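Order of the sequence lines fixes the chain letters, A, B, ..., with proteins taken first and strands second; residue numbering starts at 1 for each chain. Computed from a predicted structure; not experimentally measured.
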Amino acid sequence: MARNYDEIKIIRLAEGLIGKTFGEINNYAVKTDEYGKGTFGHIIESDAYDYDINAISEPDFADAGIELKVTPYKMNKNNTLSAKERLVLNIINYMTEYKNEFYNSHFWYKNKKIQIIWYLYEAGRKKEDLTITHQLLYSFPEEDLKIIKDDWETIINKIKTGKAHEISEADTMYLGACTKGANSSSVRKQPFSEIMAMQRAFCLKTSYMTQLVRKHIGNYKDIEHILNKNDNSFIQFINNVIDKYKGMTQREFMKLFNIETTPKQLNKMIICRMFGVNGDLDKTDEFLKANIKPRTVRVESNGRIKESMPFPYFKFIDILNETWKNSSIRETLGTTKYIFFVFKKKKNEYVFQGIKLWNMPVKVIESNVKTMWEKTKDVISSGNIVKKINSDGSRLTNFPGMRENDVCHVRPHAINSEDTYDLPVKDKLTGLTKYTKQCFWLNNKYLEDILKEYL
DNA sequence: GCATGATCATGC
DNA sequence: GCATGATCATGC
(Lines give C-alpha, C1' and ligand atoms only; values in the text may rest on other atoms or scores of the structure.)
Protein backbone atom coordinates (compact mmCIF):
# COMPACT_ATOMS: atom_id res chain seq x y z
CA MET A 1 0.00 0.00 0.00
CA ALA A 2 1.06 3.52 -0.47
CA ARG A 3 2.15 5.58 2.43
CA ASN A 4 3.23 9.17 2.57
CA TYR A 5 0.72 10.40 0.08
CA ASP A 6 -1.44 13.28 1.11
CA GLU A 7 -4.50 14.45 -0.72
CA ILE A 8 -2.74 17.21 -2.62
CA LYS A 9 -0.06 14.87 -3.86
CA ILE A 10 -2.62 12.30 -4.99
CA ILE A 11 -4.61 14.88 -6.93
CA ARG A 12 -1.44 16.29 -8.55
CA LEU A 13 -0.49 12.84 -9.74
CA ALA A 14 -4.01 12.20 -11.01
CA GLU A 15 -3.96 15.48 -12.92
CA GLY A 16 -0.63 14.53 -14.41
CA LEU A 17 -2.16 11.41 -15.95
CA ILE A 18 -4.67 13.33 -18.02
CA GLY A 19 -4.00 13.11 -21.72
CA LYS A 20 -1.75 10.10 -21.35
CA THR A 21 -2.40 6.64 -22.71
CA PHE A 22 -1.93 3.54 -20.64
CA GLY A 23 0.96 2.61 -22.87
CA GLU A 24 2.69 5.88 -22.03
CA ILE A 25 2.13 5.46 -18.33
CA ASN A 26 3.35 1.94 -18.18
CA ASN A 27 7.10 1.81 -17.64
CA TYR A 28 7.28 -1.87 -18.21
CA ALA A 29 6.91 -3.67 -21.50
CA VAL A 30 3.50 -5.12 -20.86
CA LYS A 31 2.27 -6.90 -23.93
CA THR A 32 -1.25 -6.24 -25.10
CA ASP A 33 -2.42 -9.74 -24.34
CA GLU A 34 -1.36 -9.33 -20.76
CA TYR A 35 -3.86 -6.58 -20.23
CA GLY A 36 -6.72 -8.18 -18.47
CA LYS A 37 -9.48 -7.20 -16.15
CA GLY A 38 -8.15 -4.86 -13.54
CA THR A 39 -4.85 -4.45 -15.32
CA PHE A 40 -5.49 -0.80 -16.09
CA GLY A 41 -5.91 -0.11 -12.44
CA HIS A 42 -2.77 -2.03 -11.68
CA ILE A 43 -0.73 -0.08 -14.18
CA ILE A 44 -1.86 3.18 -12.65
CA GLU A 45 -1.30 1.93 -9.16
CA SER A 46 2.10 0.44 -9.73
CA ASP A 47 3.58 2.97 -12.14
CA ALA A 48 1.94 6.29 -11.70
CA TYR A 49 1.76 6.07 -7.96
CA ASP A 50 4.67 3.72 -7.54
CA TYR A 51 3.36 1.27 -5.05
CA ASP A 52 2.67 -2.42 -4.95
CA ILE A 53 -0.48 -3.90 -6.30
CA ASN A 54 -2.53 -4.91 -3.34
CA ALA A 55 -5.65 -6.65 -2.36
CA ILE A 56 -5.31 -5.43 1.17
CA SER A 57 -8.41 -4.22 2.85
CA GLU A 58 -7.17 -0.73 3.63
CA PRO A 59 -7.88 2.10 1.24
CA ASP A 60 -5.21 2.31 -1.44
CA PHE A 61 -3.84 5.45 0.17
CA ALA A 62 -4.42 4.56 3.76
CA ASP A 63 -2.87 7.66 5.27
CA ALA A 64 -5.05 9.95 3.24
CA GLY A 65 -8.08 7.62 3.44
CA ILE A 66 -8.43 7.62 -0.31
CA GLU A 67 -9.30 4.72 -2.57
CA LEU A 68 -8.03 4.74 -6.15
CA LYS A 69 -10.31 3.67 -8.98
CA VAL A 70 -9.66 3.60 -12.70
CA THR A 71 -12.81 3.30 -14.73
CA PRO A 72 -13.96 3.58 -18.36
CA TYR A 73 -16.67 5.64 -19.99
CA LYS A 74 -17.84 5.59 -23.56
CA MET A 75 -19.43 7.74 -26.21
CA ASN A 76 -22.83 6.51 -27.37
CA LYS A 77 -24.10 6.62 -30.93
CA ASN A 78 -26.27 9.61 -30.09
CA ASN A 79 -23.28 11.51 -28.73
CA THR A 80 -24.19 11.15 -25.09
CA LEU A 81 -21.72 9.69 -22.63
CA SER A 82 -22.22 6.67 -20.42
CA ALA A 83 -20.20 4.81 -17.86
CA LYS A 84 -19.03 1.59 -19.44
CA GLU A 85 -19.22 -0.38 -16.21
CA ARG A 86 -20.31 -0.32 -12.63
CA LEU A 87 -17.58 0.83 -10.25
CA VAL A 88 -16.66 -2.24 -8.25
CA LEU A 89 -15.64 -1.52 -4.67
CA ASN A 90 -14.67 -3.84 -1.84
CA ILE A 91 -15.75 -7.45 -1.55
CA ILE A 92 -18.48 -7.97 1.00
CA ASN A 93 -17.39 -10.10 3.90
CA TYR A 94 -20.72 -11.68 4.82
CA MET A 95 -19.30 -13.05 8.06
CA THR A 96 -18.23 -9.68 9.49
CA GLU A 97 -19.80 -6.73 7.73
CA TYR A 98 -23.24 -7.28 9.29
CA LYS A 99 -21.78 -6.64 12.75
CA ASN A 100 -21.07 -3.03 11.86
CA GLU A 101 -23.02 0.17 11.72
CA PHE A 102 -22.73 2.05 8.46
CA TYR A 103 -20.19 4.60 9.65
CA ASN A 104 -17.85 1.96 11.06
CA SER A 105 -18.42 -0.49 8.24
CA HIS A 106 -15.66 -1.76 6.07
CA PHE A 107 -17.41 -0.24 3.09
CA TRP A 108 -17.25 3.23 4.59
CA TYR A 109 -13.71 2.79 5.87
CA LYS A 110 -12.54 1.96 2.40
CA ASN A 111 -14.66 4.09 0.12
CA LYS A 112 -15.59 7.34 1.73
CA LYS A 113 -13.23 9.17 -0.59
CA ILE A 114 -12.45 7.86 -4.03
CA GLN A 115 -9.89 9.20 -6.44
CA ILE A 116 -11.56 8.41 -9.76
CA ILE A 117 -9.51 8.29 -12.93
CA TRP A 118 -11.54 8.05 -16.11
CA TYR A 119 -10.41 6.81 -19.48
CA LEU A 120 -12.33 6.83 -22.71
CA TYR A 121 -13.16 3.35 -23.88
CA GLU A 122 -13.18 2.96 -27.64
CA ALA A 123 -14.27 -0.33 -29.15
CA GLY A 124 -11.67 -1.98 -31.32
CA ARG A 125 -8.76 0.15 -30.09
CA LYS A 126 -5.74 -1.43 -28.52
CA LYS A 127 -5.95 -1.18 -24.82
CA GLU A 128 -2.58 0.52 -24.40
CA ASP A 129 -3.77 3.29 -26.72
CA LEU A 130 -6.74 4.26 -24.60
CA THR A 131 -6.39 7.68 -23.03
CA ILE A 132 -7.03 8.98 -19.56
CA THR A 133 -9.12 12.10 -19.88
CA HIS A 134 -10.52 13.10 -16.51
CA GLN A 135 -10.04 12.68 -12.81
CA LEU A 136 -12.08 13.53 -9.75
CA LEU A 137 -11.54 13.17 -6.05
CA TYR A 138 -15.03 12.07 -5.14
CA SER A 139 -16.92 12.23 -1.88
CA PHE A 140 -20.60 11.38 -1.86
CA PRO A 141 -22.93 14.37 -1.84
CA GLU A 142 -25.09 14.44 1.26
CA GLU A 143 -28.33 13.63 -0.57
CA ASP A 144 -26.73 10.61 -2.24
CA LEU A 145 -25.16 9.44 0.97
CA LYS A 146 -28.57 9.05 2.62
CA ILE A 147 -29.64 6.71 -0.15
CA ILE A 148 -26.35 4.84 -0.15
CA LYS A 149 -26.67 4.31 3.57
CA ASP A 150 -30.17 2.87 3.05
CA ASP A 151 -28.78 0.66 0.30
CA TRP A 152 -26.00 -0.61 2.54
CA GLU A 153 -28.61 -1.45 5.16
CA THR A 154 -30.79 -3.27 2.63
CA ILE A 155 -27.84 -5.46 1.70
CA ILE A 156 -26.91 -6.04 5.34
CA ASN A 157 -30.50 -7.01 6.15
CA LYS A 158 -30.39 -9.71 3.52
CA ILE A 159 -27.31 -11.10 5.23
CA LYS A 160 -28.95 -10.87 8.64
CA THR A 161 -32.02 -12.75 7.45
CA GLY A 162 -29.92 -15.53 5.95
CA LYS A 163 -30.57 -14.49 2.38
CA ALA A 164 -27.12 -13.54 1.15
CA HIS A 165 -27.59 -16.04 -1.67
CA GLU A 166 -30.65 -14.13 -2.89
CA ILE A 167 -29.02 -10.71 -3.11
CA SER A 168 -29.52 -8.96 -6.41
CA GLU A 169 -27.88 -5.83 -7.69
CA ALA A 170 -31.36 -4.51 -8.39
CA ASP A 171 -32.35 -4.72 -4.70
CA THR A 172 -30.90 -1.31 -4.09
CA MET A 173 -30.77 2.20 -5.53
CA TYR A 174 -27.23 3.55 -5.99
CA LEU A 175 -25.00 1.18 -4.05
CA GLY A 176 -25.33 -2.33 -5.40
CA ALA A 177 -23.97 -5.73 -4.53
CA CYS A 178 -22.61 -7.16 -7.76
CA THR A 179 -21.22 -10.61 -8.28
CA LYS A 180 -17.49 -10.80 -8.16
CA GLY A 181 -15.40 -13.81 -8.91
CA ALA A 182 -14.17 -15.93 -11.73
CA ASN A 183 -17.42 -17.81 -12.13
CA SER A 184 -20.50 -19.00 -10.34
CA SER A 185 -18.39 -21.33 -8.22
CA SER A 186 -16.91 -18.31 -6.43
CA VAL A 187 -19.05 -18.75 -3.36
CA ARG A 188 -18.68 -17.85 0.29
CA LYS A 189 -20.20 -18.78 3.61
CA GLN A 190 -22.89 -16.59 5.11
CA PRO A 191 -23.52 -16.30 8.86
CA PHE A 192 -27.25 -17.08 9.12
CA SER A 193 -27.78 -19.81 6.57
CA GLU A 194 -26.06 -23.00 5.48
CA ILE A 195 -26.50 -22.06 1.84
CA MET A 196 -23.34 -20.86 0.15
CA ALA A 197 -23.74 -17.42 -1.40
CA MET A 198 -22.16 -15.97 -4.52
CA GLN A 199 -19.23 -13.78 -3.70
CA ARG A 200 -20.27 -10.16 -4.10
CA ALA A 201 -18.73 -6.74 -3.89
CA PHE A 202 -20.25 -3.38 -3.17
CA CYS A 203 -20.47 -1.32 -6.31
CA LEU A 204 -21.74 1.96 -7.60
CA LYS A 205 -24.23 0.98 -10.24
CA THR A 206 -23.54 1.68 -13.88
CA SER A 207 -26.54 4.00 -13.88
CA TYR A 208 -25.08 5.97 -10.98
CA MET A 209 -21.68 6.18 -12.67
CA THR A 210 -23.30 7.29 -15.92
CA GLN A 211 -24.86 10.28 -14.22
CA LEU A 212 -21.52 11.09 -12.62
CA VAL A 213 -19.80 10.88 -16.00
CA ARG A 214 -22.40 13.19 -17.53
CA LYS A 215 -22.10 15.70 -14.75
CA HIS A 216 -18.36 15.70 -14.58
CA ILE A 217 -17.25 15.04 -18.14
CA GLY A 218 -19.95 16.37 -20.36
CA ASN A 219 -23.39 16.41 -21.97
CA TYR A 220 -24.98 17.33 -18.73
CA LYS A 221 -28.22 19.07 -19.23
CA ASP A 222 -30.18 20.37 -16.32
CA ILE A 223 -31.80 17.27 -15.01
CA GLU A 224 -34.83 17.49 -12.78
CA HIS A 225 -34.49 16.33 -9.20
CA ILE A 226 -37.41 15.01 -7.21
CA LEU A 227 -35.89 14.69 -3.76
CA ASN A 228 -35.47 17.68 -1.50
CA LYS A 229 -32.61 18.17 0.89
CA ASN A 230 -34.83 17.38 3.85
CA ASP A 231 -36.21 14.14 2.48
CA ASN A 232 -34.76 11.34 4.48
CA SER A 233 -35.04 8.41 2.18
CA PHE A 234 -36.08 7.62 -1.32
CA ILE A 235 -38.70 5.10 -0.28
CA GLN A 236 -40.15 7.36 2.35
CA PHE A 237 -40.36 10.19 -0.14
CA ILE A 238 -42.16 8.00 -2.66
CA ASN A 239 -44.53 6.71 -0.03
CA ASN A 240 -45.41 10.25 1.02
CA VAL A 241 -46.32 11.14 -2.55
CA ILE A 242 -48.31 7.97 -2.98
CA ASP A 243 -50.27 8.46 0.23
CA LYS A 244 -51.25 11.90 -0.93
CA TYR A 245 -52.85 10.64 -4.14
CA LYS A 246 -54.09 7.19 -3.26
CA GLY A 247 -57.77 6.68 -4.10
CA MET A 248 -58.02 9.44 -6.70
CA THR A 249 -59.72 8.73 -10.00
CA GLN A 250 -58.37 9.56 -13.44
CA ARG A 251 -60.97 12.31 -13.79
CA GLU A 252 -59.91 13.87 -10.50
CA PHE A 253 -56.27 13.76 -11.55
CA MET A 254 -57.08 15.41 -14.87
CA LYS A 255 -58.81 18.24 -13.11
CA LEU A 256 -56.08 18.61 -10.50
CA PHE A 257 -53.24 18.62 -13.01
CA ASN A 258 -55.04 20.46 -15.82
CA ILE A 259 -54.75 17.57 -18.23
CA GLU A 260 -57.25 18.11 -21.02
CA THR A 261 -56.65 15.27 -23.41
CA THR A 262 -56.95 11.57 -22.74
CA PRO A 263 -54.02 10.06 -24.57
CA LYS A 264 -52.97 6.45 -24.40
CA GLN A 265 -50.44 7.20 -21.72
CA LEU A 266 -52.72 9.26 -19.51
CA ASN A 267 -51.69 7.28 -16.45
CA LYS A 268 -48.06 7.98 -17.22
CA MET A 269 -48.75 11.71 -17.42
CA ILE A 270 -50.54 11.49 -14.11
CA ILE A 271 -47.66 9.85 -12.29
CA CYS A 272 -45.18 12.40 -13.62
CA ARG A 273 -47.39 15.21 -12.32
CA MET A 274 -47.69 13.49 -8.95
CA PHE A 275 -43.97 13.99 -8.52
CA GLY A 276 -44.10 17.52 -9.88
CA VAL A 277 -41.98 16.57 -12.87
CA ASN A 278 -42.34 18.43 -16.15
CA GLY A 279 -40.61 15.85 -18.30
CA ASP A 280 -40.47 12.13 -17.73
CA LEU A 281 -40.20 10.62 -14.29
CA ASP A 282 -37.64 8.11 -15.53
CA LYS A 283 -35.44 10.99 -16.74
CA THR A 284 -35.07 12.55 -13.29
CA ASP A 285 -31.71 12.48 -11.55
CA GLU A 286 -32.74 10.01 -8.87
CA PHE A 287 -34.52 7.58 -11.19
CA LEU A 288 -31.63 7.64 -13.64
CA LYS A 289 -28.98 7.06 -10.99
CA ALA A 290 -30.91 4.23 -9.39
CA ASN A 291 -31.96 2.73 -12.73
CA ILE A 292 -35.61 2.65 -11.71
CA LYS A 293 -38.21 2.30 -14.43
CA PRO A 294 -41.70 3.56 -13.66
CA ARG A 295 -44.52 1.58 -15.27
CA THR A 296 -48.25 2.03 -15.06
CA VAL A 297 -50.48 -1.01 -14.75
CA ARG A 298 -54.23 -1.21 -15.23
CA VAL A 299 -56.18 -3.72 -13.22
CA GLU A 300 -59.68 -4.44 -14.54
CA SER A 301 -62.70 -4.50 -12.25
CA ASN A 302 -62.61 -8.30 -12.17
CA GLY A 303 -59.09 -8.18 -10.73
CA ARG A 304 -57.34 -9.18 -13.91
CA ILE A 305 -54.44 -7.49 -15.65
CA LYS A 306 -55.19 -7.78 -19.34
CA GLU A 307 -51.96 -6.64 -20.85
CA SER A 308 -48.49 -8.07 -20.72
CA MET A 309 -45.63 -5.63 -20.42
CA PRO A 310 -42.81 -5.06 -22.91
CA PHE A 311 -39.12 -4.72 -22.17
CA PRO A 312 -36.82 -2.89 -24.57
CA TYR A 313 -36.75 -4.75 -27.83
CA PHE A 314 -33.82 -6.62 -29.19
CA LYS A 315 -32.05 -6.94 -32.49
CA PHE A 316 -31.94 -10.46 -33.88
CA ILE A 317 -28.27 -10.11 -34.69
CA ASP A 318 -27.38 -8.98 -31.18
CA ILE A 319 -28.96 -12.06 -29.64
CA LEU A 320 -26.84 -14.33 -31.81
CA ASN A 321 -23.69 -12.51 -30.75
CA GLU A 322 -24.46 -12.89 -27.07
CA THR A 323 -23.97 -15.65 -24.58
CA TRP A 324 -26.49 -15.98 -21.78
CA LYS A 325 -23.97 -14.71 -19.25
CA ASN A 326 -23.27 -11.51 -21.13
CA SER A 327 -26.74 -11.11 -22.61
CA SER A 328 -28.32 -7.73 -22.46
CA ILE A 329 -31.56 -9.02 -20.96
CA ARG A 330 -29.75 -10.74 -18.09
CA GLU A 331 -27.84 -7.54 -17.38
CA THR A 332 -30.97 -5.39 -17.65
CA LEU A 333 -33.14 -7.50 -15.39
CA GLY A 334 -30.30 -7.99 -12.95
CA THR A 335 -29.82 -4.26 -12.47
CA THR A 336 -33.18 -2.63 -13.09
CA LYS A 337 -35.74 -1.86 -10.46
CA TYR A 338 -39.32 -1.32 -11.51
CA ILE A 339 -41.87 0.80 -9.80
CA PHE A 340 -45.37 -0.20 -10.75
CA PHE A 341 -48.13 2.37 -10.38
CA VAL A 342 -51.39 0.49 -10.10
CA PHE A 343 -54.69 1.86 -11.38
CA LYS A 344 -57.72 -0.29 -10.75
CA LYS A 345 -61.03 0.03 -12.55
CA LYS A 346 -63.92 0.78 -10.23
CA LYS A 347 -67.32 1.93 -11.49
CA ASN A 348 -65.98 2.57 -14.96
CA GLU A 349 -63.06 4.65 -13.81
CA TYR A 350 -59.47 3.85 -13.07
CA VAL A 351 -58.53 4.66 -9.49
CA PHE A 352 -54.95 5.00 -8.31
CA GLN A 353 -54.25 2.25 -5.78
CA GLY A 354 -50.59 2.59 -4.93
CA ILE A 355 -47.20 1.36 -6.03
CA LYS A 356 -44.98 -1.63 -5.87
CA LEU A 357 -41.22 -1.49 -6.06
CA TRP A 358 -40.00 -4.66 -7.66
CA ASN A 359 -37.03 -6.31 -9.25
CA MET A 360 -36.91 -9.74 -10.73
CA PRO A 361 -35.49 -12.38 -8.37
CA VAL A 362 -32.22 -13.86 -9.54
CA LYS A 363 -33.76 -17.35 -9.45
CA VAL A 364 -36.37 -16.34 -12.00
CA ILE A 365 -33.81 -14.68 -14.25
CA GLU A 366 -31.68 -17.80 -14.20
CA SER A 367 -34.60 -20.12 -14.92
CA ASN A 368 -37.59 -18.80 -16.87
CA VAL A 369 -35.85 -15.88 -18.51
CA LYS A 370 -32.85 -17.99 -19.41
CA THR A 371 -35.07 -20.63 -21.02
CA MET A 372 -36.88 -18.01 -23.05
CA TRP A 373 -33.65 -16.36 -24.16
CA GLU A 374 -32.14 -19.68 -25.19
CA LYS A 375 -35.16 -20.62 -27.24
CA THR A 376 -35.20 -17.20 -28.88
CA LYS A 377 -31.55 -17.58 -29.84
CA ASP A 378 -32.27 -21.03 -31.16
CA VAL A 379 -35.16 -19.82 -33.31
CA ILE A 380 -33.04 -17.03 -34.79
CA SER A 381 -29.96 -19.15 -35.42
CA SER A 382 -31.91 -21.97 -37.04
CA GLY A 383 -33.92 -19.66 -39.29
CA ASN A 384 -37.15 -21.23 -38.09
CA ILE A 385 -38.96 -17.98 -37.40
CA VAL A 386 -42.31 -18.35 -39.12
CA LYS A 387 -44.40 -21.33 -38.17
CA LYS A 388 -47.45 -20.59 -40.25
CA ILE A 389 -48.99 -17.85 -42.35
CA ASN A 390 -52.57 -17.16 -41.30
CA SER A 391 -55.39 -16.52 -43.74
CA ASP A 392 -55.39 -12.81 -42.92
CA GLY A 393 -51.69 -12.55 -43.79
CA SER A 394 -50.46 -12.36 -40.21
CA ARG A 395 -47.71 -14.76 -39.29
CA LEU A 396 -47.45 -17.17 -36.41
CA THR A 397 -43.89 -17.53 -35.14
CA ASN A 398 -41.87 -20.10 -33.25
CA PHE A 399 -40.68 -17.56 -30.71
CA PRO A 400 -41.35 -18.65 -27.11
CA GLY A 401 -44.96 -17.86 -26.29
CA MET A 402 -46.92 -17.42 -23.10
CA ARG A 403 -48.07 -21.00 -23.01
CA GLU A 404 -44.62 -22.41 -22.50
CA ASN A 405 -43.27 -19.98 -19.91
CA ASP A 406 -44.89 -18.72 -16.71
CA VAL A 407 -42.90 -15.51 -16.62
CA CYS A 408 -42.09 -14.08 -20.01
CA HIS A 409 -42.44 -14.50 -23.74
CA VAL A 410 -41.50 -12.96 -27.07
CA ARG A 411 -43.89 -10.88 -29.17
CA PRO A 412 -43.81 -8.23 -31.88
CA HIS A 413 -43.06 -4.69 -30.84
CA ALA A 414 -42.95 -2.34 -33.78
CA ILE A 415 -44.75 0.47 -35.57
CA ASN A 416 -46.32 -2.17 -37.80
CA SER A 417 -45.38 -5.48 -39.30
CA GLU A 418 -43.19 -3.71 -41.92
CA ASP A 419 -41.02 -2.27 -39.14
CA THR A 420 -38.18 -4.77 -39.18
CA TYR A 421 -34.66 -5.68 -38.18
CA ASP A 422 -32.29 -7.79 -40.28
CA LEU A 423 -32.24 -11.52 -39.68
CA PRO A 424 -28.77 -13.06 -39.41
CA VAL A 425 -30.13 -16.32 -40.89
CA LYS A 426 -32.90 -16.11 -43.46
CA ASP A 427 -36.26 -17.55 -42.53
CA LYS A 428 -36.68 -21.05 -43.91
CA LEU A 429 -40.40 -20.93 -44.59
CA THR A 430 -40.68 -17.47 -46.15
CA GLY A 431 -37.13 -16.67 -47.25
CA LEU A 432 -37.39 -13.34 -45.44
CA THR A 433 -34.09 -11.65 -44.55
CA LYS A 434 -35.66 -9.16 -42.17
CA TYR A 435 -38.48 -9.55 -39.71
CA THR A 436 -40.90 -7.49 -37.62
CA LYS A 437 -39.14 -6.15 -34.52
CA GLN A 438 -39.78 -8.31 -31.51
CA CYS A 439 -39.23 -7.84 -27.84
CA PHE A 440 -39.34 -9.64 -24.53
CA TRP A 441 -42.60 -9.32 -22.58
CA LEU A 442 -43.57 -10.02 -19.00
CA ASN A 443 -46.64 -12.24 -18.97
CA ASN A 444 -49.78 -10.57 -17.69
CA LYS A 445 -50.30 -13.52 -15.35
CA TYR A 446 -46.88 -13.08 -13.85
CA LEU A 447 -47.68 -9.39 -13.33
CA GLU A 448 -50.83 -10.46 -11.52
CA ASP A 449 -48.68 -12.58 -9.29
CA ILE A 450 -46.31 -9.68 -8.55
CA LEU A 451 -49.17 -7.30 -7.84
CA LYS A 452 -51.55 -9.70 -6.14
CA GLU A 453 -52.15 -7.41 -3.17
CA TYR A 454 -53.76 -4.92 -5.56
CA LEU A 455 -56.08 -7.23 -7.49
C1' DG B 1 -61.34 -15.49 -22.49
C1' DC B 2 -56.93 -16.10 -23.84
C1' DA B 3 -52.84 -15.95 -26.67
C1' DT B 4 -50.66 -13.73 -30.10
C1' DG B 5 -50.09 -10.41 -33.68
C1' DA B 6 -50.27 -5.65 -34.51
C1' DT B 7 -50.21 -0.82 -33.73
C1' DC B 8 -50.46 3.89 -31.40
C1' DA B 9 -48.30 8.00 -29.23
C1' DT B 10 -44.76 10.66 -27.34
C1' DG B 11 -40.28 12.63 -26.70
C1' DC B 12 -35.75 13.22 -27.92
C1' DG C 1 -36.60 8.54 -37.35
C1' DC C 2 -36.33 5.72 -33.69
C1' DA C 3 -36.68 4.02 -28.91
C1' DT C 4 -39.94 3.12 -25.65
C1' DG C 5 -44.15 2.79 -22.92
C1' DA C 6 -48.87 1.56 -23.62
C1' DT C 7 -52.70 -0.46 -25.68
C1' DC C 8 -55.77 -2.42 -29.37
C1' DA C 9 -57.60 -6.29 -32.39
C1' DT C 10 -58.86 -10.77 -33.57
C1' DG C 11 -59.03 -15.78 -34.30
C1' DC C 12 -59.45 -19.91 -31.92
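The distance between atom CZ of A/Phe340 and atom C1' of C/dG5, rounded to the nearest whole Å, is 13 Å. C/dT4 atom C1' lies 16 Å from atom CD of A/Gln438, rounded to whole Å. Spacing between atom NZ of A/Lys306 and atom C1' of C/dG5 amounts to 17 Å, rounded to whole angstrom units. Summarising the geometry, the separation between CZ on A/Arg403 and C1' on B/dT4 is reported as 9 Å, rounded to the nearest angstrom. The distance from atom CZ of A/Phe440 to atom P of C/dA3 is 16 Å, rounded to the nearest whole Å. Between A/Met402 atom CE and B/dT4 atom P the separation is 6 Å, expressed in whole Å. At whole-Å resolution of the value, CD in A/Glu448 and P in B/dG1 are 14 Å apart. If you take OH of A/Tyr421 and C1' of C/dT4, they are 11 Å apart, rounded to a whole angstrom.
Not counting sequence neighbours, the partners of A/Ser207 by the side chain to side chain contact (heavy atoms under 4.5 Å, CB included) test are A/Lys205, A/Asn291. A/Ile235 meets the side chain to side chain contact (heavy atoms under 4.5 Å, CB included) test with A/Met173, A/Ser233, A/Asn239, A/Leu357; sequence neighbours excluded.
Side-chain proximity of A/Arg304 to B/dC2, B/dA3, B/dG5: nearest is B/dC2.
At a threshold of 4.5 Å between non-hydrogen side-chain atoms, the residues A/Asp144 and A/Lys289 count as touching. Annotation: side chain of A/Thr436 is not in contact with side chain of A/Asp419 (no heavy-atom distance under 4.5 Å).
Counting only residues at least two apart or in different chains, side chain to side chain donor-acceptor pair (under 3.5 Å) contacts with residues 402-414 of chain A comprise A/Asn368-A/Asn405, A/Lys375-A/Glu404, A/His409-A/Arg411, A/His409-A/Asn443. A salt bridge (Lys or Arg N to Asp or Glu O under 4.0 Å) check over residues 165-175 of chain A, counting only residues at least two apart or in different chains, returns the pairs A/Arg86-A/Glu169, A/Lys158-A/Asp171, A/Glu166-A/Lys363. Among residues at least two apart or in separate chains, salt bridge (Lys or Arg N to Asp or Glu O under 4.0 Å) pairs with a member in residues 351-362 of chain A are A/Lys356-A/Glu453.
When the nearest nucleotides of DNA chain B are assigned to A/Glu307 and A/Lys283 by heavy-atom distance, the more 5′-ward of the two goes with A/Glu307. Toward the 5′ end of DNA chain C lies the nearest nucleotide of A/Asp419, the other residue of the pair A/Pro294 and A/Asp419 mapping further downstream.
Residue A/Lys388 is out of contact with every strand shown, counting any heavy-atom pair closer than 4.0 Å. Within 4.0 Å (heavy atoms only), A/Phe399 reaches no atom of the nucleic acid at all.
Here A/Arg295 does not reach the OP1 or OP2 of C/dT4: none of its side-chain N or O atoms lies under 4.0 Å away. Between B/dG5 and A/Thr397, a contact under 4.0 Å exists linking OP1 or OP2 to a side-chain N or O. Under 4.0 angstrom from either OP1 or OP2 of B/dT4 there lies no side-chain N or O belonging to A/Lys387.
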N/O-N/O pairs, protein side and nucleotides 6-8 of chain B side, under 3.5 Å:
unit_1: B/dT7; atom_1: OP2; unit_2: A/Ser417; atom_2: N; d: 2.8
unit_1: B/dC8; atom_1: O4'; unit_2: A/Lys264; atom_2: NZ; d: 3.4
unit_1: B/dC8; atom_1: O2; unit_2: A/Lys264; atom_2: NZ; d: 3.0

